[in-house]
Amino acid sequence: MSNTIQGLALINGQAVRGAGKPFQAFDPSKNEAIGPDFNAVDVAQVEEACALAGAAFDAFRATSDHERADFLDLIAAQILALGDDLIVRAMAETGLPRARLEGERGRTMNQLKLFAELLREGSWQDARIDTALPTRTPPRPDLRLRFVGVGPVAVFGASNFPLAFSVAGGDTAAALAAGCPVVVKAHSAHPGTSELVGRAVVEAVRQSGLPAGVFALLTGSGHGIGDTLVRHPAIQAVGFTGSRSGGTALMAAAAARPQPIPVYAEMSSINPVVLLPGALAKRGADIATGFAGSLVMGVGQFCTNPGLVLGIAGADFDRFAAAAAEALKPVPAATMLTPGIAGAYQRGEDQLAGQAQVDTLLRGQSAGCQGAPSLFKTTGAAFLANHAMSSEIFGPASLLVACKDLAELLAVIEGLEGQLTATLQLQDDDEADIAAARTLLPALERKVGRILANGYPTGVEVSTAMVHGGPFPATSDGRSSSVGTAAIQRFLRPVCYQNLPRALLPAVLREPNERGVWRRRDGVLTRN
Ligand code: NAP
């Protein structure tokens, strides 16, 4: 497999030129376009990819868990086999440094392998058996439930994770694990990276003997492709990471279909960090350093970036603010992902700086594609009076809010929209901090998907217990996670089999339980 990027889409297992408008990738660190020329796919090509995905669904979902697990492992191996060409191209298209991208490649492979393990273990189908009770009045039939894939999934690659949340990223891994074919709309900010990874997936499909429709990669810039994709009748669910406007547009398109479908969109979050008084008094300077490191990680282009810090007004909070500004001051401007994201960041800084009752503690020199950290401060009362202050600024900017007391801090939390995370900085041995945290927890549980203590929200473990989700607008559906094995549930639905003869039952529901998969029999978990 050659690693030369040709500017092509991948449909029906073939590399094909899009029939639509030409476009090029862009190097944000050099501020120049990079070849080769790509072409957007046209409507007919979107429809072809979706129809093939629909046709491939039954054959793909009929594969065994072990076959799909091997397929996911093979995708990981094919991505690694792309070698340094993948890293070099991703660096050029995103401005992200080598170490970050090498780490992200590892995470991408580990996600695929984690889902492979989940399939081999087998309990993902959540098998349930209510045995027949023929002598009961009325008699109970034999009832058996398992989860199955929903059907072909449209995935929109994220600009800020060109590997781990793009073509073969978390959404794709979860959907393929569930037995759902995937049609990816490549993010126009990293089309070459997308083509390389897409070819690795296509090669894994071929080597696994799967129908070519199991995976397709659509090239293009412009919203028409995404809209056509989401409206195609073969598509049964959508995974998206990006802007609030993009996510809500796709939600509207999905809801307006003759058959509405679920959209799992991850959009906007400012991830409040709450500094409780005991922690602030004891560790204020350390917390300021840790917070600054978290804020500027990846030039602030993380969905879990700490964009809001809440504390009680006073000398300790002022000292924290000064220490945080001091820690951020030497951090130079760095390349952001795209001119559009860098421009939106600078407009966001300007808007916040221009609000009445907002003090600018630090404003770095952001210009062009370069984004520098900035830190702002306001009061709880001003924040509560001005909803605009709670808008996401995607980049290394944060707003400190000095509340007059815990009641006002709670009111600020109550006024927030849904968030991916909330962080509590607290002293475990300080009864007042624990009591304050206990007061805040019910509101935080209503508002966020992950509550963490004495850490920073950036850095999301890919594991079984992780939740990367939250109420709107953090995501379009706070009942699920887009990271970790729980992500598979977004692309599953339950089917119940009533009184079906053994020969017609799916393997996981048959007797005996040959694989020893965990099943819930008459309400009790058992491997029998
Ligand atoms: P984006 O503009 O929403 O684009 C994401 C993907 O969706 C792209 O493939 C884009 O197509 C497509 N798209 C966008 N709007 C669409 C629409 N109305 N209809 C159909 N398709 C649509 O996101 P982005 O470029 O990655 O970043 C822009 C902003 O999103 C950032 O400044 C930031 O505010 C936010 N963001 C948030 C997170 C988070 O996790 N919270 C992560 C990344 C970005 P094209 O490729 O043609 O543009």
Test your reading of the model: is there a side-chain donor-acceptor pair from [X] to the backbone of [Y], 3.5 Å cut-off?
| X | Y | answer |
| --- | --- | --- |
| T241 | E266 | no |
| N386 | Q355 | no |
| K447 | E414 | yes |
| S166 | G169 | no |
| T228 | G224 | yes |
| S194 | A186 | no |
| E408 | K404 | yes |
| Q111 | A164 | yes |
| S476 | A265 | yes |
| Q425 | G455 | yes |

- Message: Go through it in stages, so that I can follow the logic: the residues are V467 and L420, the test is side-chain contact (heavy atoms from CB on, under 4.5 Å), and I'd like the CA-CA distance, side-chain angles, deciding distance and then a yes or no.
- Response: CA-CA 8 Å; V467 172; L420 292 171; over 6 Å; no

For the atom pair [atom1] ([X]) and [atom2] ([Y]), what is the distance rounded to the nearest 0.5 Å?
| X | Y | atom1 | atom2 | answer |
| --- | --- | --- | --- | --- |
| H223 | L250 | NE2 | CG | 8.5 Å |
| L114 | T464 | CG | OG1 | 6.0 Å |
| I434 | T439 | CD1 | OG1 | 11.0 Å |
| Q419 | R450 | CD | CZ | 12.5 Å |
| K185 | F240 | NZ | CZ | 9.5 Å |
| H190 | M91 | NE2 | CE | 16.0 Å |

If you take all heavy atoms of [X] and [Y], which pair is closest and at what distance?
| X | Y | value |
| --- | --- | --- |
| D433 | A279 | OD2-N, 3.0 Å |
| E417 | P473 | CB-CD, 3.4 Å |
| P396 | N305 | CA-ND2, 4.3 Å |
| R100 | P162 | NH2-CD, 4.3 Å |
| A321 | L400 | CB-CD1, 3.5 Å |
| P457 | P306 | CG-CB, 4.0 Å |

Is the closest side-chain heavy-atom distance between [X] and [Y] below 4.5 Å?
| X | Y | result |
| --- | --- | --- |
| M267 | E392 | no |
| F156 | H187 | no |
| L441 | I451 | yes |
| I34 | F26 | no |
| C180 | V150 | yes |
| L399 | V309 | no |
| V273 | Y456 | no |
| I79 | L196 | no |

| query | What's the verdict on side-chain contact (heavy atoms from CB on, under 4.5 Å) for H232 and V46, showing C-alpha distance, side-chain angles and the deciding distance? | reply | CA-CA 9 Å; H232 192 280; V46 178; 5.7 Å; no

Does the cation-pi check pass for R107 over F161, that is, NZ or CZ under 6.0 Å from the six-membered ring centre and within 45° of its axis?
yes

From CA spacing to verdict: side-chain contact (heavy atoms from CB on, under 4.5 Å), F23, T219
CA-CA 10 Å; F23 69 100; T219 47; 4.3 Å; yes

Would you kindly say whether [X] and [Y] are connected by a side-chain donor-acceptor distance under 3.5 Å?
| X | Y | value |
| --- | --- | --- |
| Q346 | S366 | no |
| D477 | T475 | no |
| Q357 | T378 | no |
| E93 | T193 | yes |
| R199 | N3 | no |
| T335 | Q370 | yes |
| T304 | N271 | no |

- Heavy atoms of other groups near R479 CZ, more than 12 under 6.0 Å: no

State whether the number of non-hydrogen atoms from other residues, nucleotides or ligands found under 6.0 Å of E32 atom CD is greater than 12.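 Atom CD in E32 is crowded, with more than 12 foreign heavy atoms closer than 6.0 Å.
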
*asked:* Can you tell me how the ring of F291 sits relative to the ring of F320, calling it parallel under 30°, perpendicular over 60° and tilted otherwise?
replied: tilted

**Study point:** Residues L362, S374; criterion side-chain contact (heavy atoms from CB on, under 4.5 Å); working and verdict
**Key:** CA-CA 5 Å; L362 174 82; S374 55; 5.7 Å; no

Could you tell me whether [X] and [Y] have a side-chain N and a carboxylate O separated by less than 4.0 Å?
| X | Y | result |
| --- | --- | --- |
| E117 | K113 | no |
| D84 | R105 | no |
| E195 | R89 | no |
| R490 | D171 | yes |
| D350 | R363 | yes |

Practice prompt. Tell me, with the steps shown, if R319 and D316 meet salt bridge (Lys or Arg N to Asp or Glu O under 4.0 Å).
Written response: CA-CA 5 Å; R319 269 194 292 277; D316 287 338; 2.6 Å; yes

